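Notes for the one structure printed next.
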Amino acid sequence: MPAFTRIDHIGIACHDLEATARFYRDTFGFEVTHTETNEEQGVREAMLRINGTDDGGASYLQLLEPIREDSPVAKFLAKSGEGVHHIAFGTADVAGDAAAVGERGVRVLGDPRTGSMGSLITFLHPKDCGGVLTELVQSAAKPDGHA
């Protein structure tokens, strides 16, 4: 069985990253702890930390703004509008847990690759996960070797 350790993040597609981050700061007190542009996925993103966890990871909201019209997030916004795009589960072994889930008939969408904040990620097909795009995330190791 996969050994998920937490909800790593919930991805939220938005048209205006700054305005959406301001809403979460002003309404809930969440602050942006990390921003980056992911050219491969065609998004600008902001991570808002919700809390820490026993395994050294954290739970976040990930705000996603497309930087080009052909990105998956731009297509999602055009079809569905702003809102929840995906859910991500934390794991200590993204490749092993993806293989375990794959053995249960869930399609894994590609090999693990680099994601936000240096993590390793892979996605699971939404049609095999109750209509929910699902991401598996292995946090990047910190300098002391811990996740």
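Position 1 is the first residue of the sequence; numbering continues from there. Predicted model only: the values in this text are computed from it and were never measured.
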Is there side-chain contact between [X] and [Y], with at least one heavy-atom pair below 4.5 Å?
X    : Y    : answer
T20  : R22  : no
F4   : T91  : yes
F89  : I7   : yes
I50  : L61  : yes
T134 : C129 : yes
M117 : Y60  : yes

[X] side chain to [Y] main-chain N or O, any donor-acceptor pair under 3.5 Å?
X    : Y    : result
R68  : V43  : no
T122 : G110 : yes
D8   : S59  : no
E65  : L17  : yes

Begin from the C-alpha positions of T37 and E39 and carry the test side-chain contact (heavy atoms from CB on, under 4.5 Å) through to its verdict. CA-CA 6 Å; T37 299; E39 295 289 340; 3.6 Å; yes

Side chains of H85 and Q62: do they bring a donor and an acceptor to under 3.5 Å? no

Less than 3.5 Å apart, any donor N or O on the side chain of S119 or Q138 sitting next to an acceptor on the other? no

Is the CG atom of D70 crowded by more than 12 outside heavy atoms at less than 6.0 Å? yes

Going by salt bridge (Lys or Arg N to Asp or Glu O under 4.0 Å), name the residues that satisfy it together with R104, two or more places apart in sequence or in a different chain. none

Go through the steps to decide whether S139 and R6 satisfy the test side-chain contact (heavy atoms from CB on, under 4.5 Å), and finish with yes or no. CA-CA 11 Å; S139 296; R6 67 189 178 283; 2.8 Å; yes

Kindly give the heavy-atom pair with the smallest separation between [X] and [Y], and that separation in Å.
X    : Y   : result
F76  : G83 : CE2-O, 4.1 Å
V137 : A88 : CG2-CB, 3.8 Å
P66  : C14 : CD-O, 3.5 Å

Among L124, L64, I12, V73, find the one that has a side-chain contact (heavy atoms from CB on, under 4.5 Å) with H86. L64

Identify each donor-acceptor pair in which a side-chain atom of residues 24-34 lies under 3.5 Å from a protein atom, sequence neighbours left out, and give them as a table.
unit_1 : atom_1 : unit_2 : atom_2 : d
T27    : OG1    : F23    : O      : 2.8
T33    : OG1    : M47    : O      : 3.3
H34    : NE2    : E36    : OE1    : 2.5

Kindly work out whether a path of hydrophobic side-chain contacts (I/L/V/M/F/W/Y, heavy atoms less than 4.5 Å apart) joins [X] to [Y].
X    : Y    : result
L109 : V132 : no
L120 : F123 : no
I67  : L77  : no
L133 : I87  : no

So, are E18 and R44 salt-bridged, with charged N and O less than 4.0 Å apart? yes

Steps toward side-chain contact (heavy atoms from CB on, under 4.5 Å) verdict (L48, L63): CA-CA 8 Å; L48 291 77; L63 307 180; 3.6 Å; yes

Do you know which of R49, E135, E45 makes side chain to side chain donor-acceptor pair (under 3.5 Å) with H9? E135

Could you walk me through whether R107 and K127 satisfy the side-chain contact (heavy atoms from CB on, under 4.5 Å) test, starting with their C-alpha distance in whole Å, then the side-chain angles of each, then the deciding distance to 0.1 Å, before giving a yes or no? CA-CA 9 Å; R107 288 172 280 179; K127 289 184 178 177; 3.7 Å; yes

